[in-house]
Trainee: 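Have a look at this one.
Atoms within each ligand, like the ligands themselves, are counted from 1 in listed order.
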Amino acid sequence: MDHEEVESIACSNIALTKYWGKSHLGINAPATPSLSLTLEGLNSLTTVKQHSIDQFQLNGESIRSSGISDIRFAIEAIDSSLNFPPICVSSANNFPTSAGLASSASGFAALVTALNHAFNWNLSPTELSGLARRGSASAARSMFGGFVSLTGPDYLARQIAPPEHWNLQVVIAITSRDAKKISSTEGMQLSAKTSPYYANWVESAQDDFDQAVQAVERKDFQSLAEASERSCLKMHAVMQTTQPALIYWNAATMSAMHTIAKMRDSGTPVFFTIDAGPQVKAVCEPSAVASVEAELKSIPGVLETRTVGLGQGARIVD
Ligand code: PMV
């Protein structure tokens, strides 16, 4: 690549049916199949250039370089021909980092996309999803736009449908801008060891995933809402029964869940999903966006809302 810079962009994603737990820790393989939406406008913009030593800057601040060593180690372990010289990586997110909005997903997807281009690896997005997964399993899904699956036996991501298939919108209620205190990987390991519900969660995840995929294919909002909320609540039941308990919700998170449930009961096409953080993502049809935004904004503790549609997969910026 010499000394020129390569720039890439990737969008964050949210899982509708969730991944929580690893089946093979060494290769960062998820224990449950997941289905996600890639979110337009929640981006990581990443530049890579050759440098004298590995250097990593996140949102303008230098971070310990082992972030790059970890991914270098993982990538070279998959294929020793994918080695690369010391690099300087600079990545910026246009949304809160490490607060349950999947900044690691967009970050790692953008990074492997830039590396692939910079060092002429010529890997496909599916192959790159396997590299991105080593950094953060949800990052595999950010390689693609629209509706994306991440399943065994190969633990690679695939597009189920492009963004144009179904114009779903996501109203995100930000209820805290604090970074999370415990990483997902650590939380998942604790859950697997200590939650009495963990085995049942893993065993029942395939049914939720299958229902959600079918619902996407048929554009059946009600069925997607049921499978997604069920998966989300089961994951949080596992989190909350982990020792020590992983309680990501705050009062505004709960109020938002009640508000969304009430709206759907009275016929508004909306459902909620929540990840390892306190933000609530309300997935809705375009006709419901204005009322969902208004209702969520009126909840005490909701700091702001942000509405996004479905985005494209990771790509190089010319
Ligand atoms: O990929 P990680 O390690 O950031 O874990 C993501 C886990 C959840 O966001 C809670 C669920 C999911 O499937 O994205």
Side-chain angles (χ1 to χ4, degrees), residues 10-39 42 44 58 67 70-71 74 93 95-112 129-144 147-152 155-157 160 170 172 179-192 195 198 201-202 205-206 208-209 212-213 227-240 242 246-249 253 272-281 283 314:
C11 298
S12 171
N13 72 77
I14 49 162
L16 299 181
T17 64
K18 309 284 189 188
Y19 133 65
W20 188 256
K22 320 250 187 209
S23 62
H24 307 294
L25 197 57
I27 59 165
N28 206 24
T32 55
S34 56
L35 172 74
S36 62
L37 301 178
T38 299
L39 302 180
L42 297 185
S44 292
L58 181 61
D70 290 351
I71 193 111
N93 302 322
F95 59 96
T97 295
S98 194
L101 287 176
S103 55
S104 59
S106 49
F108 281 112
L111 176 61
V112 298
S129 78
L131 303 187
R133 193 194 70 232
R134 298 301 185 108
S136 158
S138 56
R141 300 184 310 232
S142 278
M143 288 307 305
F144 293 96
F147 301 80
V148 186
S149 69
L150 175 61
T151 62
Y155 306 105
L156 299 177
I160 298 282
V170 183
I172 302 166
K180 65 184 170 211
K181 291 174 195 77
I182 172 159
S183 75
S184 297
T185 298
E186 208 183 326
M188 288 176 199
Q189 280 169 271
L190 285 173
S191 292
S195 170
Y198 183 78
W201 152 250
V202 172
Q206 186 70 43
D208 298 332
F209 172 81
V213 171
S228 302
E229 287 189 355
R230 193 166 61 233
S231 173
C232 168
L233 291 171
K234 281 198 282 191
M235 179 182 77
H236 282 274
V238 168
M239 290 164 159
Q240 290 169 9
T242 293
L246 303 169
I247 303 174
Y248 292 104
W249 304 346
T253 314
F272 63 77
T273 190
I274 306 158
D275 292 293
Q279 331 301 2
V280 178
K281 294 98 176 190
V283 181

Trainee: Apply side-chain hydrogen bond (donor to acceptor under 3.5 Å, both in side chains) to Ser106 and Ser12, showing your working.
Mentor: CA-CA 5 Å; Ser106 49; Ser12 171; 5.0 Å; no

Trainee: Is there a polar contact between ligand 1 and Ser34, counting only N or O atoms under 3.5 Å apart?
Mentor: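 Among all N and O atoms of Ser34, none is under 3.5 Å from an N or O of ligand 1.
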
Trainee: Based purely on interatomic distance, does Arg141 place a nitrogen or oxygen under 3.5 Å from a nitrogen or oxygen of ligand 1?
Mentor: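 Min N/O separation from ligand 1 is below 3.5 Å for Arg141.
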
Trainee: Are any of the N/O atoms in Ser138 less than 3.5 Å from those in ligand 1?
Mentor: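 Right, the criterion is met.
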
Trainee: Numbering the atoms of ligand 1 from 1, which are under 4.0 Å from a heavy atom of Met188?
Mentor: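 Heavy-atom distances to Met188 below 4.0 Å select 5 (O), 7 (C).
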
Trainee: Working to the nearest 0.5 angstrom, can you tell me the gap between Leu16 CG and Leu35 CG?
Mentor: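 It comes to 5.0 Å.
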
Trainee: Could you list the atoms of ligand 1 found under 4.0 angstrom from a heavy atom of Tyr19?
Mentor: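 Once the distances to Tyr19 are compared, the set is 1 (O), 3 (O), 5 (O), 6 (C), 7 (C), 8 (C), 11 (C), 12 (C), 13 (O).
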
Trainee: Near Ser104, which atoms of ligand 1 are under 4.0 Å from a heavy atom of that residue?
Mentor: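 Checking each atom against Ser104, I get 4 (O).
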
Trainee: Working to the nearest 0.5 Å, report the span between OH of Tyr19 and CG of Leu150.
Mentor: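 Spacing of OH (Tyr19) from CG (Leu150) equals 8.5 Å.
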
Trainee: Within a distance under 4.0 Å of any heavy atom of Ala276, pick out the atoms of ligand 1 and give their elements.
Mentor: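 So the atoms of ligand 1 that pass are 10 (C).
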
Trainee: Could you grab the distance from atom NZ of Lys18 to atom OG1 of Thr273, nearest 0.5 Å is fine?
Mentor: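 The NZ atom of Lys18 sits 2.5 Å away from the OG1 atom of Thr273.
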
Trainee: Give the atoms of ligand 1, by number and element, whose distance to some non-hydrogen atom of Ala15 is under 4.0 Å.
Mentor: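 Counting atoms of ligand 1 from 1, those under 4.0 Å from Ala15 are 12 (C), 13 (O), 14 (O).
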
Trainee: Given the rule in the side-chain hydrogen bond (donor to acceptor under 3.5 Å, both in side chains) test, do Asn13 and Thr38 qualify, once you have shown the distances and angles that lead to the verdict?
Mentor: CA-CA 4 Å; Asn13 72 77; Thr38 299; 5.7 Å; no

Trainee: When only distance counts, is Ser136 in polar contact with ligand 1, meaning an N/O pair under 3.5 Å?
Mentor: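 Yes; at least one N/O pair falls below 3.5 Å.
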
Trainee: Does the side chain of Thr17 pick up a donor-acceptor pair with the side chain of Ser231 at under 3.5 Å?
Mentor: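 Looking only at side-chain atoms, Ser231 and Thr17 do not form any donor-acceptor pair under 3.5 Å.
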
Trainee: To the nearest 0.5 Å, how far apart are CE in Met188 and CG in Leu190?
Mentor: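 Reported to 0.5 Å precision, the distance equals 11.5 Å.
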
